Amino acid sequence: MSESTSTKPRSLAEIFNASGSHFDEVTPYVWGPAGAATVKALNLRPGDHVLDACAGSGASALPAAVAVAPSGQVLAVDLAADLLALGKAAAERQALRNIEFRTGDVTKMRFDRRFDAVCCAYGVFFLPSMDSDVTTLLRAVRPGGRFAFTVWHDDALYDFTKAFLEAVTARSDGPGAFGGSADGQPHPITRIDTEAKISAWASSLGAVDVTTTVERIRVPRSDDFGWALVLGSGLRGHLLDLDAGHIADVRDRFLALLTERGISEIKCDSLIVSGRTQDSGDSD
Ligand SMILES: C[S@@+](CC[C@H](N)C(=O)[O-])C[C@H]1O[C@@H](n2cnc3c(N)ncnc32)[C@H](O)[C@@H]1O
């Protein structure tokens, strides 16, 4: 999500660690259903080894571990140790012993094609060099292995995010929801927000048998969910430097804007692009 109104750059680890329990308030509505759909797109089999990049609190890592049990393994990597701790607790509650939760920057890790599959839900657009970092993720998978990446579809969250940024800046002429990245370039998210764009993008990175599906995710608008989605997502970054009184003002302004604009459901539609990495029989 846009970082354009932040007063100073904040690390993603700081933002997502701060999202804490609010992150999992969003899980039953958005991260959970999307994570399950992401794993379904991977067509996992028992015994598979899976890398979940940007795993958060385990929305896709947990169902992946169920799908590959008992002999398969999942490695769930995220910058935010606090979110991984939530995932670890959930794995313990479900008696899943085949997931490792590892804190770190997935773009700095080398995996040498040792996985059968890689997934990344709502994470690729946070990677600093999206194309080369995703190419590196694909190289974590054996030739002919599977991948699935999940991102926001089209104008999902657009009205929601726009209202939030207006509430933060107290201005209505600010940047659009995904107005730009810190360097003034269009946000990478806008390069992969339709079926055609994301399919072409995945193919351009060398993927084959590429398929994209739209996952319709609509959540009835309520004050509780609306604010949980702010606090439990990258939007949280815009609040890190504000005191409690200022945050309360932003919340009131934001929720009033959603009401004024007649936003009765939050559009969280998502795209899941999946396919295979090339094997030796595929031509370049
Ligand atoms: C919107 S959350 C999605 C989490 C999870 N995949 C889900 O769908 O619930 C994005 C996550 O990406 C993580 N992230 C962003 N850049 C990362 C990186 N370079 N390495 C590891 N994790 C990263 C953030 O810490 C955050 O937890």
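We count ligands from 1, going down the list as the structure has it; atoms in each ligand are counted the same way. A quick note: this is a predicted structure, and the numbers were derived from the prediction, not measured. Positions are given from 1, in the same order as the sequence printed here.
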Structural part of [X] in contact with ligand 1, heavy atom criterion under 4.0 angstrom:
X: Tyr122; result: both
X: Ala55; result: backbone
X: Asp133; result: neither

Contact between Gly35 and ligand 1, counting heavy atoms under 4.0 Å?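 No, Gly35 has no heavy atoms under 4.0 Å from ligand 1.
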Among side-chain atoms of Ser222 and Asp224, is any donor-acceptor pair under 3.5 angstrom?
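No, no side-chain donor-acceptor contact under 3.5 Å.
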request  = Go through the side-chain N and O atoms of Ser60 and Asp52 and say whether any donor and acceptor fall under 3.5 Å apart.
outcome  =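 Judged by distance alone, the side chains do pair up.
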Polar contact flag for [X] and ligand 1 (N/O pairs, less than 3.5 Å):
X: Val106; result: yes
X: Cys54; result: yes
X: Leu79; result: yes
X: Asp78; result: yes

Which atoms of ligand 1 sit under 4.0 Å from any heavy atom of [X]?
X: Ala59; answer: 9 (O)
X: Leu12; answer: 15 (C), 16 (N)
X: Gly56; answer: 4 (C), 5 (C), 27 (O)
X: Gly104; answer: 20 (N), 21 (C)
X: Asp105; answer: 18 (C), 19 (N), 20 (N)
X: Leu83; answer: 27 (O)

**Prompt:** Roughly how far apart are Asp243 CG and Leu239 CG, rounded to 0.5 Å?
**Reply:**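 That separation rounds to 11.0 Å.
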With a 4.0 Å cut-off on N to O distance, would you call [X] and [Y] a salt bridge?
X: Arg276; Y: Asp209; result: yes
X: Arg114; Y: Asp116; result: no
X: Asp193; Y: Lys197; result: yes
X: Lys267; Y: Asp155; result: yes
X: Asp131; Y: Arg191; result: yes
X: Glu265; Y: Arg218; result: yes

Determine, considering heavy atoms only, which of Ser57, Ala121, Cys119, Ala13 sits nearest to atom 8 (O) of ligand 1.
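It is Ala121 that holds the nearest heavy atom.
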Report yes or no: does Ser270 contribute a side-chain atom to a donor-acceptor pair with the main-chain N or O of Cys268 at less than 3.5 Å?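 Checking the backbone N and O of Cys268 against the side chain of Ser270, a donor-acceptor pair under 3.5 Å is found.
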* To the nearest 0.1 Å, how far is atom 9 (O) of ligand 1 from its closest protein heavy atom, and which atom is that? ->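 For atom 9 (O) of ligand 1, the nearest protein heavy atom is Trp31 CB, 3.3 Å.
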